[in-house]
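Notes follow the structure.
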Amino acid sequence: MSVKALKGFKDILPGEVETWQRIEQTARDIFQRFGFNEIKVPILEKTTLFKRSIGEATDIVEKEMYTFADRNGASLTMRPEGTAPVLRAYVEHGLQVKKPVQRLYTIGPMFRHERPQKGRLRQFHQLSAEVLGSGLAMLDAEVMAMAALVLRELGLTVSLEINSLGCRKCRPGFNQALVDFLAQHADKLCNDCERRRQTNPLRVLDCKNEHCREQYKNSPSILEHLCKDCREHFTEVRKNLDLLNIDYKVNSFMVRGLDYYCRTTFELLTDNLGAQSAVGAGGRYDGLVKQLGGPDVPGIGFALGLERLALLMEHQGLSSPESKADIFIAALGEEALNRAFILVHALRNAGLAATMDHQGRSLKNQMKQAGRMGASFTLIMGEEELSRNKVILRDMASREQQDLELSTDLSSWAADLKKIINQNPS
RNA sequence: GUGAGCGUAGCUCAGCUGGUUAGAGCACCUGGUUGUGGCCCAGGAGGCCGUGGGUUCAAAUCCCAUCGCUCACCCCA
């Protein structure tokens with residue numbers, strides 16, 4: 001058996017990659033409009049970075065990280081999410097002094113050792129954006145609006161759900177109320193919820209079990225336990241979303257898997273991803289920058305899952321086609337082949353996507369190749385034409401052909417040909 | 001970590017109450033056109049039937065194991 005890719009690691013092949021490029025390009029364009037700058041950060045970090053940010057007791061840290069010892073014994077981890085590395089870079093380079101409010105985005109792979117399933121891989125890719133330096137509710141709304149716009153410009157329809165998780169002041173009170181509630185119903189919980197009750201009570205809220213859901217309808221709501229500041233913040237967020245005409249639904253059962261979230265959290269949801277429903281999610285993480293040794297600045301961010309977006313695009317019939325050639329050069333005979341080799345280079349220099357067959361195959365075969373790669377035009381270089389110093393230009397869609405006089409100045413000849421081709425895009 | 005389903009050509013799959021040389025469609029190559037693609041027709045190439053063991057006169061087919069993939073749970077983008 002030949003070597004295959006690791007479980008949960010996928011190749012993105014020609015034909016699929018174009019959709020990814022389109023997603024990235026759309027997002028980059030929109031992020032730029034919102035004043036975000038790209039930052040590229042490493043994939044490997046010290047393990048402590050993630051333990052300190054995501055939280056020691058989370059599933060991600062406890063059982064999903066690709067963690068291993070470096071040759072010198074240091075514990076390294078392949079990033080399971082993008083916020084921590086970006087904040088690390090922000091702190092390390094003192095980016096807070098360059099702009100009072102930093103808007104950063106990054107694109108790249110993340111790694112979590114989970115069992116793969118639809119829309120979930122061990123190496124997956126995220127587009128993530130962070131705003132550091134402002135706790136204003138306007139930013140919460142703006143960030144959500146930006147994420148929603150990316151989806152909209154891609155032609156995707158998703159729903160936005162928001163919630164507030166409170167802060168260090170008010171969440172403990174809610175937590176206690178929830179624990180008390182669960183204690184009263186302990187005998188009626190499913191096995192998973194019983195476990196969650198001990199380890200992470202908040203998590204019971206998004207249990208999929210019908211019976212549990214039924215009971216939790218009467219459970220205490222986080223929104224009723226918010227402190228005055230958090231309550232006001234949440235009200236402001238909602239008001240600002242309304243001002244921007246962003247549709248959303250408040251879901252007080254929405255929980256996040258990372259410890260650092262506080263106040264606003266949100267998810268972009270779809271029904272078309274199998275068991276996975278979130279194509280994007282994010283929230284506020286005031287206090288995290290300070291926790292990582294930086295200034296005490298608030299932050300908010302979100303991530304979009306690229307595989308999930310690509311899956312949705314495919315599901316909606318929005319996949320991008322494989323990129324095509326502008327022109328194919330079909331050469332007949334050894335002499336023509338040599339001249340075609342030079343010509344194709346001149347065409348590429350002129351900015352055309354030009355390609356040829358180097359094997360000396362039959363014209364029929366070369367025409368077939370031209371058609372297969374979607375070339376709009378084919379240049380036929382046969383000995384007969386070359387003896388007259390000409391080539392045939394064939395419009396593949398209309399099947400019309402014309403003779404073109406060759407020139408010794410190949411670069412200007414190629415530039416002229418480019419003009420002809422651009423006038424007749426097929 | 002748990003559960004279920006599936007492994008046959010590059011891809012999608014048929015064949016599986018055991019029975020000769022394992023099939024189809026798509027894709028690929030050649031020809032029908034001495035130098036003209038898409039459609040059509042003809043031909044061709046391409047398989048340790050995931051792997052190992054067992055039952056049997058005989059295994060793609062039945063049994064066991066193992067590996068792999070997929071989906072779901074947990075959890076998450």
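Throughout, a chain's letter reflects where its sequence line sits, starting with A, and its residues are numbered from 1.
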- Task: Go ahead and name the base partner of B:C75; Watson-Crick or wobble counts if both distances stay under 3.5 Å, otherwise write none.
- Result: none
- Message: Rounding to an integer number of angstrom, what distance separates B:G25 and B:U21 when you compare their P atoms?
- Response: 23 Å
- Verify the distance criterion only: is there a donor paired with an acceptor across the side chains of A:Q25 and A:D29 at less than 3.5 Å? no
- Query: If you look at every strand shown and take non-hydrogen atoms under 4.0 Å, does A:R394 touch a base, only sugar-phosphate, or nothing?
  - Reply: base
- Sugar-phosphate only, base, or nothing, as touched by A:A370 at under 4.0 Å among non-hydrogen atoms: nothing
- Message: How many whole angstroms separate atom CG of A:N209 from atom P of B:U2?
- Response: 21 Å
- Contact nearer the 5' end of RNA chain B, comparing A:K10 with A:V279: A:K10
- Minimum-distance pair of heavy atoms, taken over all atoms of A:A129 and A:M146: CB-CE, 3.8 Å
- A:Y261 ring centre to A:R256 NZ or CZ under 6.0 Å, with the angle to the axis within 45°? yes
- Separation of B:G32 C1' from A:M367 CE (nearest whole Å): 18 Å
- Distance between the C1' atoms of B:U8 and B:A59, in whole angstroms? 14 Å
- Task: Would you indicate, yes or no, if B:G1 has its OP1 or OP2 atom less than 4.0 angstrom from a side-chain nitrogen or oxygen of A:K63?
- Result: no
- Residues in side chain to side chain donor-acceptor pair (under 3.5 Å) contact with A:Q102, at least two apart in sequence or another chain: none
- How many Å lie between NZ on A:K4 and C1' on B:C69, as a whole number? 7 Å
- Task: Assign A:E385 to base, sugar-phosphate, or nothing according to its heavy-atom contacts below 4.0 angstrom with the strands shown.
- Result: base
- Task: Report which part of the nucleic acid A:K368 touches: base, sugar-phosphate, or nothing (heavy-atom distance under 4.0 Å, all strands).
- Result: sugar-phosphate
- Determine: side-chain N/O of A:N365 to OP1/OP2 of B:U30, distance under 4.0 Å, yes or no. yes
- Message: Using whole Å, what does the distance between atom C1' of nucleotide B:C75 and atom CD1 of A:I60 come to?
- Response: 8 Å
- Phosphate OP1/OP2 of B:U36: any A:Q401 side-chain N/O under 4.0 Å: no
- Item | OP1 or OP2 of B:C74 under 4.0 Å from side-chain N/O of A:R203 | no
- With distance as the sole criterion, do the side chain of A:R115 and the base of B:U2 form a donor-acceptor contact below 3.5 Å? yes
- Query: OP1, OP2 of B:C75 versus side-chain N and O of A:R196: anything below 4.0 Å?
  - Reply: yes
- Item | Parallel, tilted or perpendicular: ring planes of A:F302 versus A:F266, cut at 30 and 60 degrees | tilted
- Message: On the side chain of A:Q366, is there an atom forming a donor-acceptor pair with the base of B:G35 - under 3.5 Å, no angle test?
- Response: no
- Item | Nucleotide B:A77, atom P - distance to CD of A:Q123 in whole Å | 17 Å
- Message: Rounded to whole Å, please give me the gap between CD in A:E62 and P in B:C74.
- Response: 17 Å
- Task: Describe the nucleic acid contact of A:E384 in one word from base, sugar-phosphate, nothing, applying a heavy-atom distance below 4.0 Å.
- Result: base
- Roughly, in whole Å, what's the span from NZ in A:K118 to C1' in B:C75? 19 Å
- Is any NZ, NE, NH1 or NH2 atom of the basic residue among A:R399 and A:D395 found under 4.0 Å from an Asp or Glu carboxylate oxygen of the other? no
- Query: Should A:R256 be listed as having a side-chain N or O under 4.0 Å from OP1 or OP2 of B:A77?
  - Reply: yes
- Query: Atom CD1 in A:I60, atom CD in A:E81: separation rounded to 0.5 Å?
  - Reply: 7.0 Å
- Query: Which is true for A:L311 with a 4.0 Å heavy-atom rule: it touches a base, it touches only sugar-phosphate, or it touches nothing?
  - Reply: nothing
- Query: Counting only side-chain N and O atoms of A:Q126, is one of them less than 4.0 Å from OP1 or OP2 of B:A77?
  - Reply: no
- Message: Mind checking if A:G274 touches a base, just sugar-phosphate, or nothing, with heavy atoms under 4.0 Å?
- Response: sugar-phosphate
- Query: Is there a side-chain polar atom (N or O) of A:R372 under 4.0 Å from OP1 or OP2 of B:C29?
  - Reply: yes
- Item | Result of checking A:R263, A:R238, A:R284 against A:D140 for salt bridge (Lys or Arg N to Asp or Glu O under 4.0 Å) | A:R284
- Message: Between A:L268 and A:S362, which residue's closest nucleotide on RNA chain B lies nearer the 5′ terminus?
- Response: A:S362
- Task: Give me the residues of residues 148-163 of chain A where at least one heavy atom lies under 4.0 Å from an atom of RNA chain B, by number, or none.
- Result: none
- Task: May I ask you to verify whether the side chain of A:R308 and the base of B:C76 hold a donor-acceptor pair under 3.5 Å?
- Result: yes
- Task: Scan A:K208 against the nucleic acid and name what it touches under 4.0 Å (heavy atoms): base, sugar-phosphate only, or nothing.
- Result: base
- Query: At under 4.0 Å between heavy atoms, what does A:I392 touch on the DNA or RNA strands: base, sugar-phosphate, or nothing?
  - Reply: base
- Please report, rounded to the nearest Å, how far the C1' atom of B:G37 is from the CD1 atom of A:I380. 10 Å
